[in-house]
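Here's the structure, in structure tokens; my notes come after.
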Amino acid sequence: MTKADIFEFFRRLAELNPAPETELEFGNTYQLLVAVVLSAQATDVGVNKATRALFHSVKTPAQMVALGEDGLKQHIKTIGLFNAKARNVIALSEILVAQYGGEVPADRDALVELPGVGRKTANVVMNCAFGAETFAVDTHIFRVGNRTGLAKGKTPLAVEKQLEKKVPAPFRVGAHHWLILHGRYICKARTPECWRCPVVDLCRFKDKVLEKRGK
DNA sequence: ATCCCGAGGG
DNA sequence: CCCTCTGGAT
């Protein structure tokens, strides 16, 4: 995509959704962090279903530690990978209590040190909680970036670096959400709905995708 | 490279 | 059935 196409790409997505937010439900930054950890390889809908009751009683890392690993498992049993996630959430909560006064650090390097938190999760928290210009390259953004030609790369990190270079300044904070929503609802993995895509004319894989659907 | 692991959709 | 869903740790 040309520089002008990229600007137009985000201009349109921004116009359709002026104030994009994560679809994960949370009441504070700590709950956001937990929700994002739970969302790995899971849908937001599924995570929200589990956290609704959990976050009613657990609002701080100290309360999570008090709940305990087995107690947490009862809440998140319906989410994939729940054993590893329960262990990580308890462990990271213990660290927040012991080392950060129960607060979530506004620092990516510190976040990545927490168990269960990788670069992608840290980037989501930095963006959603602290308004940082970070790009959390998940399955959606990786696919949309490569498919459209906006940000091509063989690894999520490579795509992230491309986005940092190519996303125009006015869209850097919102780009993460716009790309996620676009990937989730229109540029879907299996059946991209190009016929109702607002940026189809800017996409280099349009013909390929439409042809594939015809088969 | 492989394992963790459940719900919903096509 | 098989694929996908805002991955991370080993």
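Remember, predicted model here, so these are calculated numbers, not experimental data. Chain letters run A, B, ... following the sequence lines, proteins first and then strands; every chain starts at 1.
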Chain A reaches DNA chain C, atoms under 4.0 Å from its heavy atoms, from C/dC3 to C/dA9
Quick check: does any side chain N or O of A/Gln63 sit under 3.5 Å from a backbone N or O of A/Lys59, one acting as donor and the other as acceptor?
yes
With DNA chain C as reference, determine whether A/Thr22 or A/Leu114 sits nearer its 5' end, using the nearest nucleotide of each.
A/Thr22
Using a heavy-atom cut-off of under 4.0 Å over every strand shown, decide if A/Ile76 touches base, sugar-phosphate, or nothing.
nothing
List the steps, then state whether side-chain contact (heavy atoms from CB on, under 4.5 Å) holds for A/Leu150 with A/Leu163.
CA-CA 8 Å; A/Leu150 166 67; A/Leu163 289 171; 4.0 Å; yes
Using a cut-off of 4.0 Å on non-hydrogen atoms, how would the nucleic acid contact of A/Val117 be classed: base, sugar-phosphate, or nothing?
sugar-phosphate
How is A/Arg143 classified with respect to the nucleic acid when contacts are heavy atoms under 4.0 Å: base, sugar-phosphate, or nothing?
sugar-phosphate
Donor-acceptor under 3.5 Å (A/Arg52 side chain, A/Glu25 main chain)
no
For a quick check of understanding: with a heavy-atom distance under 4.0 Å over all strands, which category does A/Gly46 fall into, base, sugar-phosphate or nothing?
nothing
In terms of heavy-atom contacts, does NZ of A/Lys77 have more than 12 from other residues, nucleotides or ligands at under 6.0 Å?
yes
In terms of hydrophobic clustering (I, L, V, M, F, W, Y; side-chain heavy atoms under 4.5 Å; direct or indirect links), are A/Val36 and A/Leu54 co-clustered?
yes
With side chain to side chain contact (heavy atoms under 4.5 Å, CB included) as the test, pick out the partner of A/Ile180 among A/Thr139, A/Asp138, A/Thr22.
A/Asp138
Between B/dG10 and C/dT6, how far apart are the P atoms? Round to whole Å, please.
14 Å
Quick tally for nucleotides 3-10 of chain B: nucleotides whose base has a protein heavy atom under 4.0 Å get B, sugar-phosphate-only ones S, the rest -, giving -BBBSBB-
Backbone N/O of A/Arg12 and side chain of A/Trp178: donor-acceptor pair under 3.5 Å:
no
Between the side chains of A/Glu8 and A/Arg11, is the shortest nitrogen-to-carboxylate-oxygen separation below 4.0 Å, so that they form an ion pair?
yes
Regarding A/Thr121, tell me which of base, sugar-phosphate or nothing describes its non-hydrogen contacts under 4.0 Å with the strands shown.
sugar-phosphate
When we call it a touch if two heavy atoms are under 4.0 Å apart, what does A/Asn88 touch: a base, just sugar-phosphate, or nothing?
nothing
If you look at every strand shown and take non-hydrogen atoms under 4.0 Å, does A/Pro115 touch a base, only sugar-phosphate, or nothing?
sugar-phosphate
P-based separation of B/dC5 from C/dT10 [nearest Å]
15 Å
With a 4.5 Å limit on heavy-atom distance, are the side chains of A/Thr51 and A/Gln31 in contact?
no
